[in-house]
J.: 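Got a structure for you, written out below as C-alpha cells; questions coming shortly.
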Amino acid sequence: MSATLPLLDSGAPESAAPLPPKPGILDVPVDSLRAWLQERGQPPMRVGQIRRQVLAGRATTFEAMSDLPKQLRTELAESFSLFSMRVERHLVARDDTHKLVLRLADDRMIEAVLIQDDGRATACISTQVGCGMGCVFCASGLNGVVRNLTTGELLEQLVVLRNLTDPETTNPERAPRLTNVVVMGMGEPLANLENLLDALGTAGDKNGLCIGARHVTISTVGLPAKIRKLAESGKQYSLAVSLHAPNDELRTRIVPTNDKTGMDAILAAADEFYEKTGRQVTYEYVVLGGLNDQASHARQLAGLLTRRKAHVNLIPWNDVEGLPYRRPQDADLQYLIDTLRKAGISVKVRKRKGAEIDAACGQLRRKVESGQPA
Ligand code: SAH
C-alpha cells in the first residue's frame with residue numbers, strides 16, 4: 001500500500017556501470033594509506049587531506065581533490081575507489097525524505113535514509129546486511145543476517161546522504177549539512193559495535209562530518225553486554241531500546257531473541273547506561289494493533305517505566321507486505337499515550353516520514369531485490 005503514491009523521482013537505477021573492484025578509500029586503514037603514500041614519496045599529511053576531502057569537502061572524485069598533486073590524484077584513482085557502493089535506487093518523497101538502496105561491492109544491498117525537517121538533516125543508516133534478530137513484524141530480518149558492514153561502508157552511507165543536503169540552502173526548514181544520525185536502518189547496531197564506534201568517531205571529528213555524539217542515537221534490540229560497552233565508550237551517544245512489549249511472555253513472541261536475554265537484564269543494562277552517561281534512555285514501542293496495545297499492556301508498561309527516567313517513542317507499525325499485523329486503532333493508541341503520560345513518562349508518537357517510499361526498515365530493499373517496481 002505504501003509504495004503506490006507518485007514519486008518525484010523516476011525510481012530508476014542511477015547507473016548501470018560495472019562495480020569498481022578497487023577498495024573504497026574510507027575502508028583503507030590510515031596506517032596502510034600512509035604506507036601506500038610513503039611508497040610514492042608522499043608525506044603522511046596527505047592522509048588527512050584525502051580523508052578531509054571526502055568527509056568534509058564533498059569531493060566525489062579523486063580528480064577533484066585540488067590540494068593534491070595531479071600525479072597523486074591519478075594514482076589514487078588507479079588504486080582505490082572513492083565510494084565502494086553505488087546508488088541502486090533513489091526515491092524522494094514529497095516531504096523531502098530521500099531513501100536510497102545502496103549496492104555494495106559484493107553486490108549485497110542495504111538502505112539509507114535522509115530525513116529533513118525543522119532545520120535538521122538526519123541520516124538513518126544500516127549496520128548490517130540483513131538482520132539476525134528476527135523481530136516478527138520487521139522486514140529487515142526476514143532473510144537473516146549476511147554480514148556486518150565495514151567502517152568504511154558505515155561512513156560512506158553518511159557521506160552519500162550528506163551529499164544530498166544543499167550547502168547553500170537558505171530555507172530555515174533545511175540544514176546545509178547532516179545534523180543528526182539515527183542508527184536505525186537495517187541490522188542490529190550493537191552486533192557491529194566496534195565498526196560502528198569507529199565510524200561514529202570519524203563522523204564526530206571536526207575534519208570529518210562534525211556530528212556531535214549528542215546528536216547520534218543508536219537503537220538496539222537490547223544486548224545487555226554491548227549496552228554496557230557502549231556506556232564505557234565514554235561518548236554521549238543516545239541509546240534507544242526496542243522494548244515492544246511490557247512483559248517477557250509477549251516480548252518473546254514479538255522479539256524472539258528475548259527468550260535468551262529477558263527484559264530484566266536489558267532494563268538493568270539500560271539503567272546502568274543512564275547512570276554512567278547521564279543520557280536519558282528512549283524505549284521504542286512498535287504498536288501492533290490488538291497485539292501489544294490493549295489497556296492491560298498500557299498499564300503494565302507504565303508500571304515498568306514509571307520509576308525510570310525514560311522516554312517512550314511509540315511507533316505505529318508500518319505495513320510490511322505479507323506480514324499478518326495491523327496498525328493500532330486511534331482509541332487504543334490514545335489510551336496508551338494517556339496512560340504513560342499519567343504515569344509521568346514522556347511520550348512521543350513517531351511521525352511517518354517518507355511513508356509513500358517505504359521508509360521503514362528493509363522494505364524497499366526487499367522490493368528491489370525481488371524485482372518489484374518501487
Ligand atoms: N535492530 C535495531 C534497529 C532496528 S530499526 C533495534 O532493534 O532497535 C529501528 C526501530 O524500528 C526498531 O525499534 C524496530 O523494531 C522498528 N521497526 C522495524 N520495522 C518496523 C515496522 N515495520 N514498523 C514500525 N517499526 C519498525
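Just so you know, residue 1 is the first one in the sequence shown, and it goes up from there. Read the numbers this way: they start at 1 and go in the same order the structure lists the ligands and their atoms.
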J.: Check whether the ring centres of F137 and H244 lie less than 6.0 Å apart, and answer yes or no.
T.: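 So the answer is yes for these two rings.
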J.: Passes side chain to side chain contact (heavy atoms under 4.5 Å, CB included), I211 versus T179? Steps please.
T.: CA-CA 6 Å; I211 307 166; T179 58; over 6 Å; no
J.: Out of G185, G132, P316, C124, indicate the one that has the non-hydrogen atom closest to atom 4 (C) of ligand 1.
T.: G185
J.: Quick one: look at V221 and ligand 1, take heavy-atom pairs under 4.0 Å, and tell me if it's side chain, backbone, both or neither.
T.: both
J.: Taking 4.0 angstrom as the limit and counting only heavy atoms of S242, give me the atoms of ligand 1 inside it, by number and element.
T.: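 Close to S242: 6 (C), 7 (O), 8 (O), 12 (C), 13 (O).
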J.: With heavy atoms only and a cut-off of under 4.0 Å, state how V320 meets ligand 1: side chain, backbone, both or neither.
T.: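 Answer for V320: side chain.
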J.: Should H244 be listed as contacting ligand 1, given a heavy-atom distance under 4.0 Å as the test?
T.: yes
J.: Could R52 and D67 be called an ion pair, given the rule that one side-chain N must be under 4.0 Å from one carboxylate O?
T.: no
J.: Return each pair, listed once, that meets side-chain hydrogen bond (donor to acceptor under 3.5 Å, both in side chains) where at least one residue sits in residues 161-176; pairs must be two or more places apart or across chains.
T.: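 Matches after skipping sequence neighbours: R58-T165, D96-R174.
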J.: Between M133 and ligand 1, find which residue part has any heavy-atom pair under 4.0 Å and reply side chain, backbone, both or neither.
T.: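 It is neither; nothing of M133 touches ligand 1.
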J.: Which bit of T220 is near ligand 1, meaning a heavy atom under 4.0 Å away: side chain, backbone, both or neither?
T.: backbone
J.: C138 heavy atoms, cut-off 4.0 Å: which ligand 1 atoms fall inside?
T.: 18 (C), 19 (N)
J.: Between T122 (side chain only) and N180 (backbone N and O only), is there a donor and an acceptor less than 3.5 Å apart?
T.: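 No, the answer is negative, given that no donor and acceptor are paired below the 3.5 Å cut-off.
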J.: Within ligand 1, which atoms have a heavy atom of F137 less than 4.0 Å away?
T.: 15 (O), 17 (N), 18 (C), 19 (N), 20 (C), 22 (N), 26 (C)
J.: Which ligand 1 atoms are under 4.0 Å away from a heavy-atom of E284?
T.: 10 (C), 13 (O)
J.: Please work out whether any backbone atom (N, CA, C, O) or any side-chain heavy atom from C-beta onward of E188 is under 4.0 Å from ligand 1, and answer side chain, backbone, both or neither.
T.: both
J.: May I ask you to list the atoms of ligand 1 that are less than 4.0 angstrom from any heavy atom of G187?
T.: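 Once the distances to G187 are compared, the set is 1 (N), 2 (C), 3 (C).
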J.: By number and element, which atoms of ligand 1 are closer than 4.0 Å to a non-hydrogen atom of I315?
T.: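 Answer for ligand 1: 24 (C), 25 (N).
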J.: According to side-chain contact (heavy atoms from CB on, under 4.5 Å), who are the partners of S238, at least two apart in sequence or on a separate chain?
T.: T217, R279
J.: Does S140 have a heavy atom less than 4.0 Å from any atom of ligand 1?
T.: no
J.: Should we say atom CG of N143 is surrounded by more than 12 heavy atoms from elsewhere, each under 6.0 Å from it?
T.: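 Open: at most 12 neighbouring heavy atoms sit under 6.0 Å from CG of N143.
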J.: Decide whether a cation-pi geometry holds between R34 and W36; the criteria are a distance under 6.0 Å from NZ or CZ to the six-membered ring centre and an angle within 45° of the ring axis.
T.: no
J.: Any carboxylate oxygen within less than 4.0 angstrom of a Lys/Arg side-chain nitrogen, looking at R103 and D107?
T.: yes
